[in-house]
Amino acid sequence: MYVPTIGVETHVQLKTKTKLFAAVGNDAREAPPNTLISHICVGLPGALPVLNQAAIELCTKAAIALGTQPQKLSHFERKHYFYPDLPKGYQITQYESPIIAGGHLHIEVGGEKKCIRIERANLEEDAGKNTHPAGADYSLVDLNRAGTPLLEIVSQPDIHSAAEAKAYARELWLIMKYAGVTDGDLYHGHLRFDINISVSQDPDKLGIRSEIKNLNSFRSVEAAVDYEIKRQAELLKKGGRVIQETRGWDEIKQKSLAQRSKEEAQDYRYMPEPDVPPIELDGQYIREIEDSMPQLPQMIRHKLSKIDIQPKVIEDILDRPSIVEPILDVLDKANANDARRAAFWLIHAQPIEPEMAGMIEPEIDSERLILLSKMVDRGELSSSGAKKVFEQLLSSTDKPKVIAARLKLLQVSDERRIERIVAEVIAENPQAVEDVRRDEKAIGFLVGQVMAKSQGQANPGLAQKLIKKLLNL
Amino acid sequence: MQNHQILLLFLPGRTSGSLAGRIMNNWPAISEIVANVQAGKTTATELVKKSLKKITKQSDFNAIISVVKTRALQRATEIDEQVKHGQAIGRLAGVPFVAKDNFLTLGGNTTAASNMLKNFEAPYQATAINRLEAAGAICVAKANLDAWAHGSSTENSDFFVTKNPYDKTRVPGGSSGGSAAAVALGMAPFALGTDTGGSVRLPASFCGVVGLKPTYGLVSRSGVVAMASSVDVIGPLTKTVADAALVLEVMSGKDELDGTTIGRNPEGYSLRGSRFEVRGSRIGVIREYLDVGLDSGVRQVIDGATDKIKVAGAEVSEVSLPSLPLALAVYYVICPAEVSSNLARYDGQRYGHFTNEAKDLEESYELAREQGFGSEAKRRIMIGAHVLSSGYYDAYYKKAQTVRTKIIQEFEQAFSKYDFLIGPTAPTTAFKIGEKTKDPLSMYLSDIMTVAANIAGIPAISIPVGVSGNLPVGLQILAPQKADRQLLEIARAFEATS
């Protein structure tokens, strides 16, 4: 039996407005190549990096979200290598004293809770992007991404299965997104996972590990870990040897492929970065950020489970951060019933790929959700009517009542009006009346007639009650 | 009697005597130049033309790499228009200056005297240049230097060797040799240099001008080709201490493009209205700088200057900083380490020397750097890469940082007893061209008395205090961190007595 041991290094792209060391826009998603650059990003002579304090604030939030505090003193290093996407010939990163030196998060797999410890997290700048046009004898370099702030979060090797690795990746994504550290757009690589895996028969001894780099979905994390565990175990069973190497993940073939071995590893010649003074944080600064932290996934889970939302549904809700806030807001301003209804409407509104979440959902204001819920309470809307109103609510600014009226969904709860209709229906359907008298279960037909006559606006509960009253049942 | 004195003045080893009368720089004080522009007695255009003429006339000294004629004359016209319309003008309005060619400037090339950047036209300017321009100063030319500022003689320029204004067979010192020579030759009222291990002070000493190395961080390094970032500073080379103070005042202070900059002294640095008293100043003569290898002629000039400041009322005594002799060793670990890192960006991919001969990416890096860098840059890159490589880092770089801390502590101790420390700027006067090029170590030793100030980040100045064998001798004064103003005040007192 081979026991796998897994550690994950995650590059989290911070959602600062500008780059880590340059006053240049940071969101390269829609920008044409080399439009978000300055003399600093290009590495011109004399260009000096100047630290973006907003990145430090986000790192502080990340530390707090991971149950720890940022280091009071940390500094940057230069990591040297030559590559066209690295304009300065070195990357500014942290090596000796990272900004975060601990922390943990909790995952749940198969009903079992587990704590995964964080070893460290260092703040660094991203490189640019090389593209190699097919058939060309040149490559193209886009430096828009060069200098984007990344927080590299390194877990302890506390993970022991593909499912746990996936759960860890998702939980980290949730935490960073809810803490406001990253936009978390996985499609655009806002979180990139590198996985270290080894297998061993002896639980006290680690095997030789390989590293799979650059995974950017939870699914590929799970698949790659699964594949790699099997590959290593089979290799060892056949008497082979795992070599320490970096491997890539082929998404199409669902296979990991060798890239480079440790023998080829470079000497990065780390050196303290003299152009950027050390980061010094005081307790007051950290406390202020602590006080302004948004609600994190664990707290949200706790609140939603207290209003009887099922764990599975809670996770679906968490996957879509833009609907969490209105639900919690409704809970704050109204009651559990209203919040549960809001959650039901929102979760069924637009099924969106979890990994695209947060991208295209419209603003939802809780005030109108509460009004809508109260209409159900008062019997002015049926629950199916309320759902229809809700669908329109998202694309208009009208009050729910106006929408309900426009859709002719308002239920008539005026007893006298409905009683008149009921009287007519009874008069017009003697045979059906006879049936009901024989068997009360046949009342549905009459209720249907009342609904039809009222053009669907009668409150069906009330209609039934009045039919029974007039027939003395 | 009179004849006898004249004879003495030219005797080798002559220990006193001013350079006045022999200095070729006949520009008035900078404040006077500005007053003349303001009063309409002269124009910025006239000043720029005078400067350009002098540069052409003295071109055989090879002090200048390129002139910035069009832009300089254009800016001069703008300033003259301002004067004509009675608008407020800056504190350096119309004053021409020369910038070492490792300052990025608009209107021409910035080469760092290297083949790598031979055709590099900067798209932005150094903050120091911008601040000087905002005050009305006009950059007229770019001065020669040891390529990338690596050197002590300007012989490492990839283009040509600058000659000493006092003796064409000798070096002007380096690496800001072109800047120092330009000021000594009167090409401009002031020049800018960079000082990483003495590159402003040493040439100032060799060329008989004032060279100021401010506190680390006081002047922004943004837009200056980096040599060794943790010790690089920018400083003026001038005829007088007062001029240096004025230029520092304009250039200094926090800059949002350089995270290591510090705020300026609220009193400023201009010495106008200063009420400084020499009497009571505690001055320590650094024993370690008098011990080894000091030329006797230089020693006599320094002793003479020391005696005079004593007479003026300063309390002078010898002080020992036992770790100072290690400063050079520390410097030649830290400096190449940072050099190897700072020169990594010159890979020919985005700008700078590039060749089409390469077969692949790897070779294009190799050829660009093989052809673009001279031998001194390569030497420093190799030393730097070595001391940073894994397995050697602790033995060299870490240890050097430890000794660096020790040197800083010794300075702090000394400054608890003394307001200023003094010594020679260099162990000798200007040496012969070619004398040390075959032996890099003996060349490195030229910096032995200047590197400590860089290692400690403290301000230091070299001022001409006499001649030895017809060649200028510089006195070096060092002050605690951020005591730049006090340093300038005592330097002016020395200037007045010598």
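Note on naming: letters A, B, ... go to the chains in the order of the sequence lines (proteins, then strands), and numbering restarts at 1 for each one. If you're wondering where the values come from, they're calculated on a predicted model, not measured in any experiment.
- Checked by atom type and distance alone, the side chain of A:D267 pairs as donor or acceptor with a backbone atom of B:S390 at under 3.5 Å.
- Other residues, nucleotides and ligands place no more than 12 heavy atoms under 6.0 Å from the OH atom of A:Y95.
- More than 12 heavy atoms of other residues, nucleotides or ligands sit less than 6.0 Å from atom CZ of B:R369.
- For B:E362, no part sits under 4.5 Å from any heavy atom of chain A, backbone or side chain.
- For B:R350, the part lying near chain A is the side chain, with the backbone staying farther off; criterion is any non-hydrogen pair under 4.5 Å.
- Shortest non-hydrogen contact noted between A:P84 and B:Y365 is N-OH, 3.0 Å.
- Residues of residues 102-117 of chain B placed with any heavy atom under 4.5 Å of a heavy atom in chain A are listed by number as B:L104, B:L117.
- In terms of heavy-atom pairs under 4.5 Å with chain B, the best-connected choice from A:S139, A:A22, A:P277 is A:P277.
- The shortest heavy-atom contact between B:Y216 and A:P274 is OH-O, 4.1 Å.
- With a 4.5 angstrom heavy-atom cutoff, B:V224 touches chain A only via backbone atoms.
- Between A:V50 and B:D258, the shortest heavy-atom distance links the atoms CG2-N, 3.8 Å.
- Between B:S341 and A:R78, the side chains place a donor N or O and an acceptor N or O closer than 3.5 Å (distance only, hydrogens not considered).
- B:R345 has its side chain out of reach of A:P87: every pair of non-hydrogen atoms, C-beta onward, lies at least 4.5 Å apart.
- Taken to the nearest 0.5 Å, the CG atom of A:L86 stands 11.5 Å off from the CD atom of B:Q349.
- For a residue to count as touching a neighbouring chain, one of its non-hydrogen atoms must lie under 4.5 Å from one of that chain's; by this rule A:L44 touches chain B with backbone and side chain alike.
- Residue contact with chain A, scored on non-hydrogen atoms closer than 4.5 Å, involves the side chain of B:L361 exclusively.
- Taking CD from B:E366 and CZ from A:F82, the interatomic distance works out to 10.0 Å, rounded to the nearest 0.5 Å.
- Minimum heavy-atom separation, A:G89 to B:A344: CA-CB, 3.9 Å.
- Top candidate by heavy-atom pairs under 4.5 Å with chain A, chosen from B:V231, B:D360, B:N342, is B:N342.
- Within 6.0 Å of atom NZ in B:K254, more than 12 heavy atoms from other residues, nucleotides or ligands are found, so the atom counts as buried in its surroundings.
- Residues of residues 391-408 of chain B lying under 4.5 angstrom from chain A, judged on non-hydrogen atoms, are B:Y393, B:Y397, B:K398 by number.
- Atom-to-atom distance recorded for B:S340:OG and A:Y90:OH is 10.5 Å, nearest 0.5 angstrom.
- Of all the heavy atoms in B:T260 and A:D275, the pair that sits closest is CG2-O, 3.5 Å.
- For A:K15, the NZ atom is densely surrounded, since the number of other residues' heavy atoms within 6.0 Å is greater than 12.
- Considering only heavy atoms from C-beta on, B:Y124 stays 4.5 Å or farther from A:S38 through its side chain.
- For A:Y81, no part sits under 4.5 Å from any heavy atom of chain B, backbone or side chain.
- At most 12 heavy atoms of other shown residues, nucleotides or ligands fall within 6.0 angstrom of atom CD in B:E256.
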